[in-house]
Amino acid sequence: MRSLTCSANTLRHASPRSRIGAAEAAGFGGIGLRLDDCRSAGAGLRDLLDEHGMRVMELEHIWDWAAPVPLPIEEELFAVADTIGYRQLNVPMLFDHPVGDLIAGFGGLCDRAGRRGILVGLEFMPYSAVPTLGRAWDIVAGAERENGGVLIDLWHWDRSGAEPPDLGKIDPDRITSVQLCDVLAEPMRDLRHEARHHRRLPGDGAGDPAGVLSALRRHGLACPVSVEVFSDDLDALSPEEAARRAARAGASCLDAAGWALRPWRTNLEEAP
């Protein structure tokens, strides 16, 4: 299980120290962080990660990367790459822009990230300006940057109505990572609220995360996988118990799909 990543949002209310320690104890090999986590941990974050043998696999995020001038937060995110290293910057898009501006903006972000050895994963969300897998791929393919790709979150996969045939036109090498979770039997009226408060652990909902993983594996994917469960119920548990449940559910889902994990490098590490 050591190469499964614990998303920043699965233990979202725990301090960086508590989250990293709980993730290691549960068997996770990678961690996701938000910029606020890096700010609060300060200069001791590198030592904390080394103490627990954890890699930062994904960092959250920039909301409007298609603005005419890069937002100041971007340099702060890149500074994290220079000090502790991480594999991938996760980026959704909540603001409406012409598709040409989205393609150009994504390409520019990839160029700036590429100078630090970072991948950029574009996350589609049904309530966002990039609502479907197909639209995300149009942007990624149009930008034509080797370090740019699509991030597949299984909650957004289900709620956007994605199906395995939708993978047909997508280069599997350009899917940067997969985030595991599960969904309620019926969508709530406010999808954004549901996404942030009522996700289920993989295998504990009405979706088919193992089936989607199996389809992704048949499509040729071999990318990192994280467990991302925004859940008020999970928040009520201790970080240690929440991490144990998330790791167990994620590993069970991967086993059912026949998905083999392997170590992945960050931008400060040599390739294995």
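What you are looking at is a predicted structure, and each value in this text was computed from that prediction instead of being measured. Values reported hereafter were calculated over all heavy atoms of this structure, with side chains retained and with hydrogens, waters and symmetry mates removed.
Within the 4.5 Å cutoff, the side chain of Pro70 has heavy atoms near those of the Arg112 side chain. Glu76 is not listed as a side-chain neighbour of Val80, based on a closest heavy-atom distance of 4.5 Å or more. Contact of the Pro187 side chain with the Glu194 side chain is registered, since non-hydrogen atoms from C-beta on lie closer than 4.5 Å. Counting heavy atoms from C-beta outward, Leu201 and Leu180 have side chains that stay 4.5 Å or more apart. The shortest side-chain heavy-atom distance between Tyr127 and Pro131 does not fall under the 4.5 Å cut-off. Using a 4.5 Å cut-off on side-chain heavy atoms (C-beta onward), Pro92 and Ser128 make no contact. No side-chain heavy atom of Glu123 sits under 4.5 Å from any side-chain heavy atom of Val91. Within the 4.5 Å cutoff, the side chain of His156 has no heavy atoms near those of the Leu133 side chain.
No continuous path of ILVMFWY side-chain contacts below 4.5 Å connects Val212 to Leu184, so the two sit in separate hydrophobic clusters. Put simply, Leu119 and Phe78 are part of two different groups of oily side chains (I, L, V, M, F, W, Y) that touch within less than 4.5 Å, one to the next. By the criterion of side-chain heavy atoms lying less than 4.5 angstrom apart, applied directly or through intervening Ile, Leu, Val, Met, Phe, Trp or Tyr residues, Trp137 is grouped together with Leu216 in one hydrophobic cluster. Criterion: ILVMFWY side-chain heavy atoms under 4.5 Å apart, direct or through other members. Under it, Leu151 and Val56 are not part of a common hydrophobic cluster. In this structure, Leu109 is a member of the same hydrophobic cluster as Leu77, with clusters built from ILVMFWY side-chain heavy atoms closer than 4.5 Å.
Of all the heavy atoms in Glu269 and Trp264, the pair that sits closest is OE1-O, 4.0 Å. Of all heavy-atom pairs between Ala246 and Thr10, the closest is CB-CG2, 3.9 Å. The shortest non-hydrogen separation linking Leu11 to Ala22 is CD1-CB, 4.3 Å. Annotation for Cys6 and Ala23: closest pair CB-CB, 4.1 Å, computed over non-hydrogen atoms. Closest of all the heavy-atom pairs between Leu167 and Ala215 is CD1-O, 4.2 Å. Minimum interatomic distance between Arg55 and Thr266 (heavy atoms only, all atoms of both residues): CB-CG2, 4.0 Å.
Judged by distance alone, the side chains of His97 and Asp64 do bring a donor and an acceptor atom under 3.5 Å apart. Residues Asn90 and Glu60 have side chains that bring a donor and an acceptor to within less than 3.5 angstrom of each other.
Under the 6.0 Å cut-off for aromatic ring centres, Trp63 and Phe95 do not qualify, their centroids lying 6.0 Å or more apart.
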With side-chain contact (heavy atoms from CB on, under 4.5 Å) as the test, would you mind laying out the steps for Asp138 and Val99 before giving the verdict? CA-CA 9 Å; Asp138 289 343; Val99 66; 5.6 Å; no

List the steps, then state whether side-chain contact (heavy atoms from CB on, under 4.5 Å) holds for His193 with Met188. CA-CA 8 Å; His193 178 81; Met188 299 179 73; 3.9 Å; yes

Val150/Thr176 under side-chain contact (heavy atoms from CB on, under 4.5 Å): CA gap, chis, key distance, verdict: CA-CA 6 Å; Val150 177; Thr176 59; over 6 Å; no

Go through the steps to decide whether Arg12 and Asp232 satisfy the test salt bridge (charged side-chain N to carboxylate O under 4.0 Å, His left out), and finish with yes or no. CA-CA 10 Å; Arg12 57 184 168 174; Asp232 291 350; 3.2 Å; yes

For Leu102 and Trp65, run side-chain contact (heavy atoms from CB on, under 4.5 Å): C-alpha distance rounded to whole Å, both residues' side-chain angles, the deciding distance at 0.1 Å, then the answer. CA-CA 8 Å; Leu102 291 175; Trp65 35 264; 4.0 Å; yes

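With sequence neighbours excluded, no residue forms a ring pair (Phe, Tyr, Trp, His ring centres under 6.0 Å) with Tyr86.
Within a 6.0 Å radius of CZ in Arg39, other residues, nucleotides and ligands contribute more than 12 heavy atoms. For CZ of Arg135, the number of neighbouring non-hydrogen atoms (other residues, nucleotides, ligands) closer than 6.0 Å is 12 at most.
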Donor-acceptor contacts under 3.5 Å from residues 221-230 side chains, at least two apart:
residue	atom	partner	partner atom	Å
Glu228	OE1	Arg199	NH1	3.4
Glu228	OE2	Ser7	OG	3.3
Glu228	OE2	Asn9	ND2	2.9

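A side-chain donor-acceptor contact under 3.5 Å links Asp182 to the backbone of Gly205. Between the side chain of Asp47 and the backbone N or O of Gly44, no donor-acceptor pair lies under 3.5 Å. With hydrogens and angles ignored, the 3.5 Å screen pairs a side-chain donor or acceptor of Thr83 with a backbone N or O of Ala79. Side-chain N or O atoms of Ser18 include none that pairs as donor or acceptor with a backbone N or O of Ala14 at under 3.5 Å. The main-chain N or O of Ile170 is never found under 3.5 Å from a side-chain atom of Arg174 such that the two would form a donor-acceptor pair. Between the side chain of Arg217 and the main chain of Ala257, a donor-acceptor pair closer than 3.5 Å is present. Between the side chain of Ser40 and the backbone N or O of Asp37, at least one donor-acceptor pair lies under 3.5 Å. Distance alone, capped at 3.5 Å, places no donor-acceptor pair between the Asn267 side chain and the Ile118 backbone. Put simply, the side chain of Asp166 gets close to the backbone of Glu163: a donor and an acceptor are under 3.5 Å apart. A donor-acceptor contact shorter than 3.5 Å links the side chain of Ser160 to the backbone of Trp157.
For the atom pair SG (Cys181) and CG (Leu154), the distance works out to 5.5 Å, reported to the nearest 0.5 Å. Glu144 contributes atom CD, which lies 10.5 Å from atom CD of Glu146 (distance to the nearest 0.5 angstrom). Here the CE atom belonging to Met54 is positioned 7.5 Å from the OG1 atom belonging to Thr5, to the nearest 0.5 angstrom. Distance check: Asp208 CG to Ser214 OG gives 7.5 Å after rounding to the nearest 0.5 Å. Residue Leu59 holds its CG atom at 6.0 Å from CG of Leu89, rounded to the nearest 0.5 Å. With values rounded to the nearest 0.5 angstrom, Ile31 atom CD1 is found 10.5 Å from Glu24 atom CD.
The pair Glu240-Arg244 does not count as a salt bridge, with every side-chain nitrogen at least 4.0 angstrom from each carboxylate oxygen. Under a 4.0 Å N-O distance rule, the pair Arg159/Asp153 does not qualify as a salt bridge. No salt bridge links Arg46 with Glu51; every basic N to acidic carboxylate O contact stays at or beyond 4.0 Å. Under a 4.0 Å N-O distance rule, the pair Glu58/Arg87 does not qualify as a salt bridge. Using a cut-off of 4.0 Å between Lys/Arg side-chain N and Asp/Glu carboxylate O, Asp204 and Arg245 are scored as not salt-bridged. We find that Arg116 and Glu74 are not joined by a salt bridge, their nearest charged nitrogen and carboxylate oxygen being 4.0 Å or further apart.
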